[in-house]
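To find a chain, count down the sequence lines: A is the first, B the second, and so on, and within it residues start at 1.
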Number of protein chains: 2
Amino acid sequence: MSTSEHGRNGSPVTMRDVAKVAGVSVATVSHVVNDKAGARIGDDARRRVQEAVIELGYRPNALAKTLSQGTSRFIGLVADAIATTPFAGQIIHGAQDEAWKHGYVLLVANTDGNEAAENEAIAMMLEHQVHGILYSTWYHREIQVPEALHQTDTVLVDCFAAGNVLPAVVPDEEQGGRTATEELLAAGHRRIAFINTTTPSPAQTGRLAGYRSALEAAGIEFDESLVFPAAPEQEGGYAATSALLESKATAVFCHNDRVAMGLYDGLREHGLRIPEDIAVMGFDNQDVIAAHLRPTLSTVALPHYELGAAGVRLLLGLEPAPESGPQLIACPPVLRHSI
Amino acid sequence: MSTSEHGRNGSPVTMRDVAKVAGVSVATVSHVVNDKAGARIGDDARRRVQEAVIELGYRPNALAKTLSQGTSRFIGLVADAIATTPFAGQIIHGAQDEAWKHGYVLLVANTDGNEAAENEAIAMMLEHQVHGILYSTWYHREIQVPEALHQTDTVLVDCFAAGNVLPAVVPDEEQGGRTATEELLAAGHRRIAFINTTTPSPAQTGRLAGYRSALEAAGIEFDESLVFPAAPEQEGGYAATSALLESKATAVFCHNDRVAMGLYDGLREHGLRIPEDIAVMGFDNQDVIAAHLRPTLSTVALPHYELGAAGVRLLLGLEPAPESGPQLIACPPVLRHSI
DNA sequence: GTGAAAGCGCTAACAT
DNA sequence: ATGTTAGCGCTTTCAC
């Protein structure tokens with residue numbers, strides 16, 4: 001029935017083939033295939049083209065189209081660590097979905113934080129005529145912008161540059177810290193500790209600021225002795241246990257889920273129950289941890305998917321970038337059973 | 001100094017521009033830029049071209065090259081769930097690195113397991129003239145091959161099709177199960193339990209087969225009463241605790257890390273110490289869990305990175321596909337402190 | 001309404 | 001040793 005030559009063998013079907021079968025010119029085929037507005041095509045010709053397209057299994061060559069139009073539908077995503085964490089995957093996912101929605105496709109490159117690989121990756125994307133580049137890191141931080149990025153439209157995802165020289169989208173750490181604290185407050189706690197990381201970062205300062213502002217808003221005076229420094233890992237949380245206990249806090253906001261995980265261990269060793277004896281709130285919503293601790297951990301989610309999606313929107317100019325500073329994406333609370 | 005017009009503004013520099021500045025023809029430029037073997041170019045001309053390239057900031061247009069050569073350097077990666085798990089990220093990472101190594105770039109698409117999205121994704125890749133497609137799932141299973149995949153070279157990653165109709169690369173579940181058991185054996189255990197999943201899957205049968213074969217090789221008779229069914233999650237492991245304890249096993253191989261995590265909780269409630277009272281082995285090497293449990297969990301790694309890399313190698317024909325059945329990738333042991 | 005033709009940036013014969 | 005030219009598959013302006 002079909003003389004289709006698409007597929008693994010035979011030379012690919014081109015517009016010319018379709019034109020020949022339909023008995024029209026390639027221009028006409030182009031017009032009907034692209035549903036060109038304002039192209040007056042006779043009903044008959046249109047039908048013949050459509051039939052020929054189906055019969056031959058014609059598939060437009062997106063590359064030729066790009067070349068001819070001078071404008072591609074590629075978006076490049078350069079990540080320093082696609083895999084080190086589940087998080088990066090979410091950024092890709094969000095970026096991909098959003099790009100897709102607007103007819104764009106994602107070109108991804110991993111650089112493992114290596115500068116040479118980074119430059120190579122960017123060069124390659126530029127050679128492929130990407131519309132723009134999303135440059136992302138796997139945790140929120142300030143970066144040095146690679147020189148090559150200035151050669152195309154770029155938006156920073158989960159990172160930002162000094163002087164706000166490039167549009168950026170990052171999680172709203174302060175709001176996140178505030179939200180976490182508010183949840184504890186809403187559960188009736190007044191003496192709330194905060195185990196903060198010892199690592200300088202936007203997360204360190206932002207979450208602390210959020211914690212303070214929530215307390216203030218609730219009319220509770222900030223008590224420096226209630227914030228405990230800890231390595232941002234399980235060990236840190238575990239190690240902070242006794243100091244925390246001495247503070248007589250009834251609830252604790254942990255800098256991240258891993259810290260909370262360590263705290264769980266420490267608390268358990270002291271025979272304390274969560275949340276009856278002490279309520280705990282995490283941060284990050286690291287699924288494998290938070291959803292599987294016992295009791296499951298209430299936390300605040302890092303909006304990686306949204307970060308990727310918003311990055312694409314900014315890049316495509318679908319959304320205006322804030323006048324100054326990065327665009328902040330909210331970190332929503334995820335309530336489970338530790339409060 | 002430089003009249004460079006690359007970058008955000010100005011029309012892009014083409015080969016013609018370079019030719020003009022260097023005072024040669026585009027053919028010559030093409031030859032030196034691509035380091036064409038057997039193209040005899042005078043030292044002088046070569047130098048002038050190279051200088052012009054730098055001066056103008058010339059960057060080849062990969063799309064035009066593809067169009068003209070008829071052969072692209074894109075590899076498509078269609079995944080059912082880029083983000084649901086840290087794992088998928090590793091597949092992308094491995095595929096990306098390997099593709100890169102051979103001068104290819106990765107086009108990724110997420111389908112969320114939705115058939116329409118899947119077809120659209122494949123169509124889009126075909127339109128972009130991908131060299132071939134990697135079709136991957138986030139856990140090892142048998143799939144129905146989407147019709148459209150037959151239109152190009154495809155290799156299945158972390159999944160396989162009935163009748164071995166497409167080349168595939170999957171983890172070697174049986175070897176993994178054997179390895180896990182062998183580690184327990186090597187630690188001196190003779191009475192080894194196995195908490196297996198209740199979900200039918202290659203993992204269920206493969207790991208069990210590996211467990212049996214390791215026991216046999218050690219001269220230990222397989223004892224059906226030592227294999228316990230459990231939901232493949234934390235709850236399953238927790239629930240299996242008492243039955244396990246009654247069995248008097250001194251070591252236990254868990255179907256996956258989450259089950260092990262639940263078992264940890266159960267064991268702790270019974271006042272048992274790991275590994276002194278009972279040794280536990282996981283499977284999957286789900287980082288966030290395995291590396292952060294107390295004690296850290298010994299396990300067997302699912303080779304996702306390798307799966308992605310091997311998929312690319314198969315696709316590019318760098319490695320022959322096995323005559324029958326999928327290519328098996330070894331699951332290496334990751335020893336920590338639970339044994 | 002439809003077609004001819006130029007051109008997107010590059011490669012690859014083929015000339016010279 | 002280097003230049004000329006004809007495409008690659010498509011879009012688009014302009015004629016008819």
- Can you find a side chain N or O atom of A/K36 that sits less than 4.0 Å from OP1 or OP2 on D/dT12? yes
- Task: Give me the one residue out of A/Q151, A/Q129, A/E127 that meets side chain to side chain donor-acceptor pair (under 3.5 Å) with B/R59.
- Result: A/Q151
- Query: Partners of A/P146 by side-chain contact (heavy atoms from CB on, under 4.5 Å), sequence neighbours excluded?
  - Reply: A/E118, A/N119, A/I122, A/Y135, A/L149
- Query: Any side-chain heavy-atom pair from A/W138 and A/D158 closer than 4.5 angstrom?
  - Reply: no
- Query: Expressed in angstrom and rounded to an integer, what is the separation of A/L126 atom CG from C/dG9 atom C1'?
  - Reply: 16 Å
- Check whether any side-chain nitrogen or oxygen of A/T28 sits under 4.0 Å from OP1 or OP2 of C/dT2, and answer yes or no. no
- Query: Just checking A/V29: base, sugar-phosphate only, or nothing, at a heavy-atom cut-off of under 4.0 Å?
  - Reply: nothing
- Item | Nucleotide C/dG7, atom C1' - distance to CG of B/D17 in whole Å | 15 Å
- Message: Any heavy-atom pair between the side chains of B/V155 and B/Q327 that's under 4.5 Å?
- Response: no
- Specify the separation, in whole Å, of atom CG of B/D35 and atom P of C/dC10. 17 Å
- Item | Distance, nearest 0.5 Å, that separates CG of B/N61 from OG1 of B/T66 | 8.5 Å
- Item | Side-chain heavy-atom pair B/I133, B/L77 within 4.5 angstrom cut-off | no
- Figure out the NE2/P separation between A/H31 and C/dG1, and round it to whole Å. 14 Å
- Message: Go nucleotide by nucleotide along DNA chain D from the 5' end; which of A/R40 and A/A27 gets its closest nucleotide reached first?
- Response: A/A27
Under 3.5 Å between N/O atoms: give me all the protein pairs with nucleotides 8-10 of chain D, atom names plus distance.
residue : atom : partner : partner atom : Å
D/dC8   : OP2  : A/R16   : NH2          : 3.2
D/dC8   : O2   : B/S68   : N            : 3.2
D/dG9   : N2   : A/A64   : O            : 3.4
D/dC10  : OP1  : A/Y58   : OH           : 2.5
D/dC10  : OP1  : A/N61   : N            : 3.0
D/dC10  : OP2  : A/M15   : N            : 2.5

